[in-house]
Each structure stands twice: as C-alpha cells, then as structure tokens.
Amino acid sequence: MPHSFTPADAIRTRFSEAMSTMYRAEVPLYGDLLSIVADVNAKVLAERPALAAEMTAADELDRLDIERHGAIRLGTAAELRMMRQAFAVMGMVPVGYYDLSVAGVPVHSTAFRPVDDAALAANPFRVFTSLLRLELIEDTGLRAEAEAILSTRRIFTDEAIQLIERHAAQGGLDDAESERFVLALLETFRWHGDARVDAATYDRLHGAHRLIADVVSFRGPHINHLTPRTLDIDAAQDAMQARGIDAKAVIEGPPPRAVPILLRQTSFKAIEEDVTFPGDHPGQHTARFGEVEQRGAALTPKGRALYDRLLATARAGAGSQGASYADRLNTCFAAFPDTIEALREQGLAWFRYELTEAGQRLIATGVRPAGGIDDWLAAGHVRALPIVYEDFLPVSAAGIFQSNLGGTEQRSYAASPAQAAFEAAMGDVVQDEMALYAAAEARSMMEVRQALRGAAAA
Ligand code: OOG
Ligand code: NI
C-alpha cells in the first residue's frame, strides 16, 4: 500500500463531530438538547447499573455520547449520486427505502449508515437523505422552473469532488486528505441564508409545498437537524418543556415499555430564520429544528407487522372516545409482549447471542455442552441481547416532517413508492435492513456454536 489510509470509521467520527460543532453554532437550541440528553443519560445510567452493564456487553455504551443522526433533502439525481460517493468515503451505505409521499411529503428517502458490527459500535452516524420528487408537482410550469433552478446549482466544492474521486482511485485517503475531505464536505451541509431565487419564485415554490421551497431555493442541502440518542425520552421531553423549548406535543413511535422497541422520537419546532433574496430583500424561512430519540430492539418482519398494525389502530382512535393519543397507544400496545423472553420466543425481535462468564469458564475447562442455543440459554452459558434498531420509521418521519412544515399543512399525493426510480437516480441499490439484522443474529449464533461445540461442529 503506497499510503497509510485513515480508517473509514475515523473519518466518519471526525465528520460527525465537525457537523455537530457547526450545527451547534448555527442552531444554539441544539446545544441545549445535547446538554439535556447528557444529563438524562448520566442519571439513567447511575440509577440503572444493570442497563449500563447490558449496554457495555452489547458494545453500545461507548458509542452513546457520540451517537447522532442528521437529515438532508437533495434536489437532483446527480446530487444524490455524488452524496452516495461522499458517504462511501465514511463507510456509510444506503439502507432502506422510505416513501414519504403517503404522508403528503413529495420526497423519497434512504438512510446512509455503517452496517457491520464493528463500524456500528465505533460510531453509528446516520444521515436520513431525501430526494425531492419533482414529478409530484402538479403545475408543470413550476416543475420545469424548479428543475431549471436545480440544474445550475453545485452543492459540492471542487475540493470535495476531487477527494471523493481520489478516494475511489486510491482506495482510501491519508490523514491530511481525510482532514481536508471533512472540511470540504462540511461546506455542503452548511446553512446559506442568501437564497438563489427571488422572493416571488420562493413564494410560488412555497405555495406548491414548503418543502419544495426549502430544497430548491438555497445553495445547498443544509443539515436540517442533528439528533442525539437519549436513554429516557419521556424525561428528555419533560426537560425540554421545563426549559421552555417548543417541543412537539406527541412522541412518535411506540409507547414507553419495559423493553424498548424500535425508535421513539420527539422534536422542537423548526425555527424561523432571516434569509435574503437577491437585491438584498429580506425574508424568512423555517426548516431547521432539533430532535431527540430513544432506540430499542430491532423487530423481525413478524414483530414489525404487529407494530405497524397496533400503531395504525392507535392512530385511527378505534373504540376509545375521549382517550388521549398516549392512552390509546398504551392500550393498543398491551398486545405487544414486553419481556426479552417473550420477544425472543415469539420471534418478534432480533437478538445477538454471546457467551456469559459461566459459558466462558465452561469452555476454558474443555467441556463441550450438548444441545443447542435454547439449552445453553436455559443453562446460563449464553445470553441473548436485543439488537438495537439502527434505522428509521416512515410514520414517525412523516410526523417529524409535518410538525416542521407548520403543522397544519396537509397535502395528499397518491401513494407511489418508486424504489427502482430512487435507486436508478442514486446509481446503487438500497440494502435491506431486515437482511442486515438477520445476518447479525446468524453471525452471533455461529460464533456461540463454534465456541461451545468446538470449531469443527459448528
Ligand atoms: C427528515 C425527517 C426524518 C427522522 O428522524 O425520522 C427523520 C427531514 O425532515 O428531512 O429525520
Ligand atoms: Ni430525524
């Protein structure tokens, strides 16, 4: 190897730290969220040593303080394609396809994130990345105008493009190049308050959908939120309200549970910011907000189907006149098993299997126990830890988008998932998140079998 390359994990961590510093300066309320989450997490870990031990065992505690996700909205296929290559430098690949048109938002999306166990443990930084669907704009004149505006913008600096190309050609970047790459790419995510379009054009785009104005009017796809992970989102929500932060009324996702599943999220409303239109005309724009989330177990297809069904029932409000949404959610989710054992036995969540100390002692003595995983679990040689959910939820994402589009705005588009078109635009396919969780579970089972039965038997 002619150079010594910086590991992708290290570049990703540098980038997410640089982004966090930038966003804190741009949106000071984000700094408040970070301090709320740090306080809540310290308190939870101090009060629940068993949780701290479990997170340590699952390689999740070290990453907690740096764990963030962000979101951007892109305008063109070319932007998405280059963004995919930029994320690849940081070991982030597209996982999952989210059709937000069902929720009245004219975008479809994927999440760029690391996928292997070691990379996730190092830093699971994810970016929810949306692509505007101009074909959903009914007014063909406005559609053509938006297309023309987007066709002349360049969201990447020359240096960023050069380094992305060098990474592809060399197979990596050395330390100095990585440093320059992080700074150059950061420019793409920076907020630019000087609009590229005049006020009248902005108003027309805004009239079609606020999100269209947000994507089309500016010089780049400014990062619109950055989300730390809390261990107690109800406490974080209370702390936000106590500080007078204008938090969303409802926490998205499942209700509070003994064994958290999937993802619970809340956000503060997008802030109103001063912008300038050409000719120094002042205006206002709202796009950027803050969010916190709590992550729980990744669900199997069977678990996910149950989650989707119960959530839909709670949202429809069936048979529960007068009950608050939180009450309905609790009532509906009583049907979702809430112990590790039940989740595992009923095949509702994915698990990572590992040897306990007793299991390690056993193999040190040369004993090879009979039976399989279930027997070893029962005997205490092996334990099962839920695999943390690393992805997003379309209904929650829609709720987050909506609350930041002024709340009252409701558009409807015909539901039109277009994964093939999205992948063609991106120049790559999205990975199937269920296949990734299944593979992680299978890998851990194989390792446990190899350890307990001896390599030959596995
Ligand atoms: C993305 C909203 C989705 C989440 O956490 O579900 C999201 C956006 O507003 O661009 O970030
Ligand atoms: Ni988010």
Side-chain angles (χ1 to χ4, degrees), residues 16 19-20 23 27 29-30 33-34 37 67-75 79-80 83 87 92 94-113 124-133 155 188-189 191 209-218 220-230 233 236-237 240 247-248 250-254 262-271 273 285-296 307-308 311 388-407 409 411 422 433:
S16 101
M19 185 103 99
S20 187
Y23 200 59
V27 179
L29 268 177
Y30 164 66
L33 287 192
L34 289 185
V37 166
E67 182 161 352
R68 307 269 187 277
H69 86 250
I72 52 170
R73 304 152 182 174
L74 300 170
E79 291 175 359
L80 178 60
M83 193 58 84
F87 284 133
M92 298 158 76
V95 180
Y97 172 75
Y98 303 87
D99 171 24
L100 276 307
S101 68
V102 289
V105 184
V107 302
H108 47 183
S109 320
T110 190
F112 286 93
R113 67 165 177 90
F125 182 56
R126 331 164 170 83
V127 180
F128 192 91
T129 302
S130 299
L131 177 64
L132 183 62
R133 296 177 71 178
I155 64 169
T188 301
F189 292 76
W191 168 249
H209 199 295
R210 291 166 76 120
L211 197 87
I212 297 173
D214 182 53
V215 176
V216 177
S217 307
F218 298 94
H222 36 260
I223 178 87
N224 67 49
H225 66 286
L226 212 51
T227 302
R229 175 175 169 197
T230 179
I233 198 163
Q237 170 94 335
M240 278 164 77
K248 213 170 150 302
V250 163
I251 294 177
E252 299 286 347
L262 298 174
L263 181 59
R264 302 182 69 211
Q265 299 177 305
T266 183
S267 59
F268 66 71
K269 305 271 167 64
I271 51 180
E273 293 174 280
H285 180 67
T286 53
R288 299 183 315 145
F289 60 98
E291 181 190 48
V292 296
E293 68 188 8
Q294 181 172 2
R295 289 185 174 263
Y307 170 80
D308 285 339
L311 185 72
V388 68
Y389 189 57
E390 304 286 358
D391 294 288
F392 294 88
L393 296 169
V395 175
S396 300
I400 300 281
F401 267 109
Q402 289 302 348
S403 79
N404 288 293
L405 292 171
E409 178 148 1
R411 298 290 149 118
F422 183 84
E433 74 221 47

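Remember, it's 1-based here, ligands and their atoms both numbered in the order they're listed. All figures in this text were calculated on a predicted structure; none of them were measured in a lab.
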Are there any N/O pairs under 3.5 Å between ligand 1 and the protein, and if so, what are their distances?
residue  : atom   : partner : partner atom : Å
ligand 1 : 5 (O)  : H69     : NE2          : 3.0
ligand 1 : 5 (O)  : Q265    : NE2          : 2.8
ligand 1 : 5 (O)  : E291    : OE1          : 3.4
ligand 1 : 5 (O)  : E291    : OE2          : 3.1
ligand 1 : 9 (O)  : R73     : NH2          : 2.7
ligand 1 : 10 (O) : R73     : NE           : 2.8
ligand 1 : 10 (O) : R73     : NH2          : 3.4
ligand 1 : 10 (O) : N224    : ND2          : 3.0
ligand 1 : 11 (O) : H225    : NE2          : 2.9

salt_bridge(E273, R288) N-O dist < 4.0 Å: yes
Test: R126 and E67 ion pair at under 4.0 Å: yes
Which residues share a side-chain contact (heavy atoms from CB on, under 4.5 Å) with S396, sequence neighbours left out: E252, Q265, L393
Residues in side-chain contact (heavy atoms from CB on, under 4.5 Å) contact with A270, at least two apart in sequence or another chain: T286, F289, N404
Side-chain touch P221/V215, heavy atoms, less than 4.5 angstrom: no
Heavy-atom side-chain proximity of L311 to P254 below 4.5 angstrom: no
Option among H225, H222, M83 that satisfies the side chain to side chain contact (heavy atoms under 4.5 Å, CB included) test with I72: M83
Nearest atoms (heavy-atom pairs only) where H108 meets D99: CB-CA, 4.3 Å
F218 and H285 aromatic ring geometry - parallel, tilted or perpendicular at 30°/60° bounds: tilted
Polar protein atoms (N, O or S) that approach the Ni ion (ligand 2) to under 2.8 Å: H69 NE2, H225 NE2, E291 OE1
